[in-house]
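Note that the structure is predicted; figures quoted are calculated from it, not measured.
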Amino acid sequence: MKKLLLLLFLIPNLAFSLPETLNQYISKNPNWSSTDKESLSYIASRCGILFKAISESYNNIAAQEIYNMSVMNAENFSKASSDIYKTRCINFACIKVKKKASQEREKKWLFIYGEELRNNINIYGEMFHGDIKSDILICTSKVKPILK
């Protein structure tokens with residue numbers, strides 16, 4: 001047990017990393033940006049959740065600009081994800097199922113991203129490090145241009 005704890009402190013990136021980064025997900029789903037609308041909706045949703053977690057972490061006076069930008073990004077990515085799954089559904093029942101799945105994903109990933117942001121602050125003294133930084137770059141450089 002002591003060896004395991006020591007290992008966790010020596011290798012913090014292994015102990016506190018996302019279950020799957022967006023880069024890993026994209027690698028497994030190469031058609032995400034063209035024909036795979038389900039994957040594009042999922043990725044846009046994850047981006048929205050990530051920026052929501054960031055905005056919740058920055059919800060104070062000192063970082064109002066970052067907060068506002070994060071809220072705007074969260075809304076834009078989440079709306080895009082919603083629009084994608086709505087266009088793929090042929091009836092209201094399908095939309096309800098997709099919306100429920102999206103809400104469950106939001107709960108799960110909001111918790112995961114929130115923990116990762118806190119861990120980054122505690123370990124590295126900054127939020128934007130490692131997997132979080134990687135996911136932000138994927139969202140802003142690969143996903144955002146496709147959604148416009």
Side chains of L147 and L40, heavy atoms from C-beta outward: is any pair under 4.5 Å?
yes
Verify, without hydrogens or angle tests, whether D135 (side chain) and L22 (backbone) share a donor-acceptor contact under 3.5 angstrom.
yes
Got a sec: does the NZ of K37 have more than 12 other heavy atoms crowding it under 6.0 Å?
yes
Test your reading of the model: is there a side-chain donor-acceptor pair from N29 to the backbone of W32, 3.5 Å cut-off?
no
Smallest separation among heavy atoms of A44 and V143, with atom names:
CA-CG1, 4.5 Å
Side-chain (D36) to main-chain (N31) donor-acceptor, under 3.5 angstrom:
no
Taking K98 first and then E38, would you say they form a salt bridge - that is, a charged N and a carboxylate O separated by under 4.0 Å?
yes
Could you report the tightest heavy-atom contact between S55 and Y67, atom names first, then the distance?
O-CD1, 3.1 Å
Can you name the closest pair of heavy atoms from F51 and T140 and give their distance?
CZ-CG2, 3.9 Å
What heavy-atom pair brings I49 and E106 nearest, and what distance separates the two atoms?
CD1-CA, 3.3 Å
Is Q24 reaching over with its side chain to a backbone N or O of T21, donor-acceptor style, under 3.5 angstrom?
yes
When you measure from the side chain of S141 to the backbone N and O of L137, does any donor-acceptor pair fall under 3.5 Å?
yes
Tell me the closest heavy-atom pair linking K52 and A74, and the distance in Å.
N-CB, 3.6 Å
Just wondering, do I43 and K142 contact through their side chains at under 4.5 Å, heavy atoms?
no
Residue pair A53 / Y113: nearest heavy atoms and the distance that separates them:
CB-CB, 3.8 Å
Run the salt-bridge test on E20 and K28 with the 4.0 Å N-O cut-off and return the result as yes or no.
yes
